[in-house]
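Index from 1, following the sequence.
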Amino acid sequence: MATVELTEENFAATITDNETVLVDFWASWCGPCLRFGPVYEKVSEAHPDVVFGKLDTEAYGQLAGALQIQAIPTLMAFRGGVLVYREAGAMNAAGLEQLVGAVAALDVDEVRRQATADAEAGEAGAS
């Protein structure tokens, strides 16, 4: 699958409606982003079962801000709608392949159980 352009309109649905999603936060003026783009695109073609999204932080600054993107490129990975990886900085193809494999290997039910437990613990601590 080639990369998918993410927007404020389709971001949430893309994350929740797909089992494994990677998101590259980038901008056209960012040199490291432009160098990482072809790597991200090439790896996306090898993984048709994973959604590889790209979000332009200039065009969708409000969403990038809400997600606390402070440096670009930033890569996020979601499994079962849950954020399981977040890191700023470009990555080489081998590193990205390793990340895709690790995220895809996560037990989606366990990820959701852990996210629910973490949310409940957070709510109990806030009381």
Side-chain angles (χ1 to χ4, degrees):
M1 169 184 276
T3 58
V4 175
E5 181 183 350
L6 296 178
T7 66
E8 290 172 345
E9 292 76 30
N10 70 0
F11 184 84
T14 299
I15 300 307
T16 58
D17 294 350
N18 295 282
E19 198 162 283
T20 306
V21 180
L22 273 71
V23 181
D24 173 25
F25 294 85
W26 70 286
S28 61
W29 52 263
C30 167
C33 298
L34 298 178
R35 288 188 295 278
F36 179 60
V39 171
Y40 191 73
E41 185 73 33
K42 181 174 174 140
V43 172
S44 78
E45 293 169 0
H47 298 278
D49 55 328
V50 175
V51 174
F52 285 75
K54 292 182 70 70
L55 189 128
D56 182 343
T57 58
E58 289 297 300
Y60 302 103
Q62 188 171 1
L63 178 56
L67 294 167
Q68 300 177 344
I69 302 300
Q70 298 176 350
I72 53 174
T74 289
L75 189 61
M76 287 185 175
F78 297 85
R79 182 84 168 135
V82 177
L83 178 65
V84 296
Y85 177 87
R86 175 192 180 114
E87 191 71 39
M91 188 179 285
N92 65 26
L96 185 55
E97 285 284 356
Q98 185 176 11
L99 175 62
V100 171
V103 171
L106 292 172
D107 180 326
V108 73
D109 293 326
E110 181 58 31
V111 168
R112 287 183 181 134
R113 270 193 296 279
Q114 186 61 49
T116 301
D118 290 348
E120 290 171 354
E123 289 173 8
S127 302

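- Taking 4.5 Å as the limit, every side-chain heavy atom of Leu6 sits out of range of all side-chain heavy atoms of Tyr60.
- The side-chain heavy atoms of Leu55 and Trp26, taken from C-beta on, include no pair separated by under 4.5 Å.
- Under a 3.5 Å cut-off, the side chain of Asp56 and the backbone N or O of Glu5 do not form any donor-acceptor pair.
- Side-chain contact check for Leu67 versus Met76: some heavy-atom pair is nearer than 4.5 Å.
- Taking a 6.0 Å sphere around CD of Glu9, one finds it holds more than 12 heavy atoms contributed by other residues, nucleotides or ligands.
- The side-chain contact (heavy atoms from CB on, under 4.5 Å) check on Asp107 picks up Asp109, Glu110, with sequence neighbours excluded.
- Going from atom OG1 of Thr7 over to atom NZ of Lys54 covers 15.0 Å, rounded to the nearest 0.5 Å.
- Taking all atoms of both residues into account, the shortest heavy-atom contact from Glu97 to Val43 is OE2-CG1, 3.8 Å.
- Closest approach of Ala27 and Glu58 over heavy atoms only: CB-CG, 3.9 Å.
- Side-chain contact between Val39 and Met91 is absent, with no heavy-atom pair separated by less than 4.5 Å.
- Under the disulfide (SG to SG under 2.5 Å) criterion, the residue pairs touching residues 16-55 are Cys30-Cys33, with sequence neighbours excluded.
- Proximity of Val51 to Phe78: side-chain heavy atoms (C-beta onward) are nowhere separated by under 4.5 Å.
- No side-chain heavy atom of Gln98 sits less than 4.5 Å from a side-chain heavy atom of Asn92.
- Residues Asn18 and Ala13 share a closest heavy-atom pair of ND2-O, 4.4 Å.
- Residue Phe36 holds its CZ atom at 12.5 Å from CD1 of Ile72, rounded to the nearest 0.5 Å.
- Linking ILVMFWY side-chain heavy atoms closer than 4.5 Å, directly or via other members, places Tyr85 and Val108 in two distinct hydrophobic clusters.
- Qualifying side-chain hydrogen bond (donor to acceptor under 3.5 Å, both in side chains) partners for Thr20, counting only residues two or more places apart in sequence or in other chains: Arg79.
- Between Leu96 and Lys42, every side-chain heavy-atom pair lies at or beyond the 4.5 Å cut-off.
- Proximity of Phe52 to Val100: side-chain heavy atoms (C-beta onward) are separated by under 4.5 Å at one or more points.
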